[in-house]
Amino acid sequence: VLPLVGGLFIMVEAVNRAGAVAAAQSALHYIASLTVLLSTLSSSFAAAILSNVVNNLPMGLIAGSALRGGVPPAVRDAVLIGVDLGPNLSVTGSLATILWLVAIRREGENITAFQFLKFGALVMPPALALAVVARQEREEEGDKLREEGGKAGIRFDIGADRRIEPAERVQGGDVVR
């Protein structure tokens, strides 16, 4: 396992030197110019597919560097969701999946890479799309609340009797009780 991880870091450095980060930044800036839904879904699915091609560890490192280029938060979050959920598509997607497969094979279970891929193809795409859309809906909900007077944040105090009660609400930058 350690040689694999070391090899992944060497691969990331080689890919960075070949210009992958600059290419990824260009692609992300282009994608960000599309509609919000299209840009978030396309960036998350691109990150998910690439996570399966190169593994999510190097993809996460490359994406982290590429995201420093100033992309909108919605696209940034979509890429991170893709790097996290995408590896559920195939065995090669993450080191954890490879270790899991080795462990269950030791216990006598035999799941082939093709069986994993078939199941992953059923589960990962809808989960990824729903996660990205839910993230976007949450952001839009927060925007609406802020427009209505900034009631988006509620803080809680634990009273002397250990009950959790709402203590303060943020309204237009002011804290009210």
Side-chain angles (χ1 to χ4, degrees), residues 5 8-9 11-90 92-97 120-157 164 166-177:
V5 173
L8 292 173
F9 279 101
M11 182 179 76
V12 167
E13 185 58 31
V15 168
N16 278 340
R17 289 185 183 190
V21 172
Q25 285 176 336
S26 294
L28 287 172
H29 284 289
Y30 170 75
I31 288 171
S33 70
L34 306 172
T35 66
V36 175
L37 182 62
L38 188 56
S39 66
T40 55
L41 286 174
S42 59
S43 61
S44 67
F45 275 90
I49 291 166
L50 289 170
S51 289
N52 285 282
V53 172
V54 298
N55 189 278
N56 73 332
L57 178 61
M59 181 58 200
L61 294 170
I62 293 167
S65 296
L67 290 171
R68 290 188 195 135
V71 297
V75 173
R76 177 202 60 217
D77 293 351
V79 168
L80 296 177
I81 291 169
V83 170
D84 285 340
L85 286 179
N88 292 313
L89 177 65
S90 72
T92 59
S94 76
L95 180 59
T97 304
L122 289 173
V123 175
M124 188 280 292
L128 182 57
L130 287 171
V132 169
V133 170
R135 184 257 174 236
Q136 187 57 36
E137 288 293 320
R138 177 105 167 111
E139 182 176 311
E140 289 172 7
E141 181 182 301
D143 290 344
K144 286 179 188 173
L145 286 172
R146 281 185 287 281
E147 288 172 9
E148 294 172 0
K151 301 178 215 171
I154 296 176
R155 291 189 282 193
F156 291 87
D157 280 342
I164 299 176
E168 301 171 338
R169 185 176 64 234
V170 179
Q171 259 185 340
D174 298 324
V175 176
V176 293
R177 284 208 174 262

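Pairs of residues two or more places apart, or lying in two chains, never qualify as salt bridge (Lys or Arg N to Asp or Glu O under 4.0 Å) while including a residue from residues 20-30.
For Ser90, the side chain to side chain contact (heavy atoms under 4.5 Å, CB included) criterion is met by Asn52, Thr92, Leu117, not counting sequence neighbours. A search for side chain to side chain donor-acceptor pair (under 3.5 Å) contacts involving Thr97 returns Ser94, not counting sequence neighbours. With sequence neighbours left out, Ala20 forms a side chain to side chain contact (heavy atoms under 4.5 Å, CB included) with Val15. The side chain to side chain contact (heavy atoms under 4.5 Å, CB included) search around Ala24 returns Ala66, not counting sequence neighbours. Not counting sequence neighbours, the partners of Leu67 by the side chain to side chain contact (heavy atoms under 4.5 Å, CB included) test are Leu28, Val71, Arg76, Val79, Leu80.
Residues Leu37 and Val133 have side chains in contact (heavy-atom distance under 4.5 Å, counting atoms from C-beta outward).
Listed here is the closest heavy atom pair of Asn55 and Leu57: OD1-N, 3.0 Å. For Arg68 against Gln25, the heavy-atom pair with the smallest separation is C-NE2, 4.4 Å. The two residues Ser44 and Leu128 make their nearest non-hydrogen contact at O-CD2, 3.7 Å. Among all heavy-atom pairs drawn from Leu85 and Ala127, the shortest one is CD1-O, 3.9 Å. Taking each heavy atom of Gly60 and Val83 in turn, the nearest pair found is CA-CG1, 3.9 Å. Across all non-hydrogen atoms, the minimal contact from Gly82 to Pro87 is O-CD, 3.9 Å.
If you take CD1 on Ile31 and CG on Leu41, they are separated by 11.0 Å, rounding to the nearest 0.5 Å. Within the model, atoms CE of Met124 and CG of Asn88 stand 8.0 Å from one another, a figure rounded to the nearest 0.5 Å. The CD1 atom of Ile81 sits 11.0 Å away from atom CZ of Phe45, with the distance rounded to the nearest 0.5 Å.
For the side chain to side chain donor-acceptor pair (under 3.5 Å) with Asp77, the lone residue among Arg138, Arg135, Gln136 that qualifies is Arg135.
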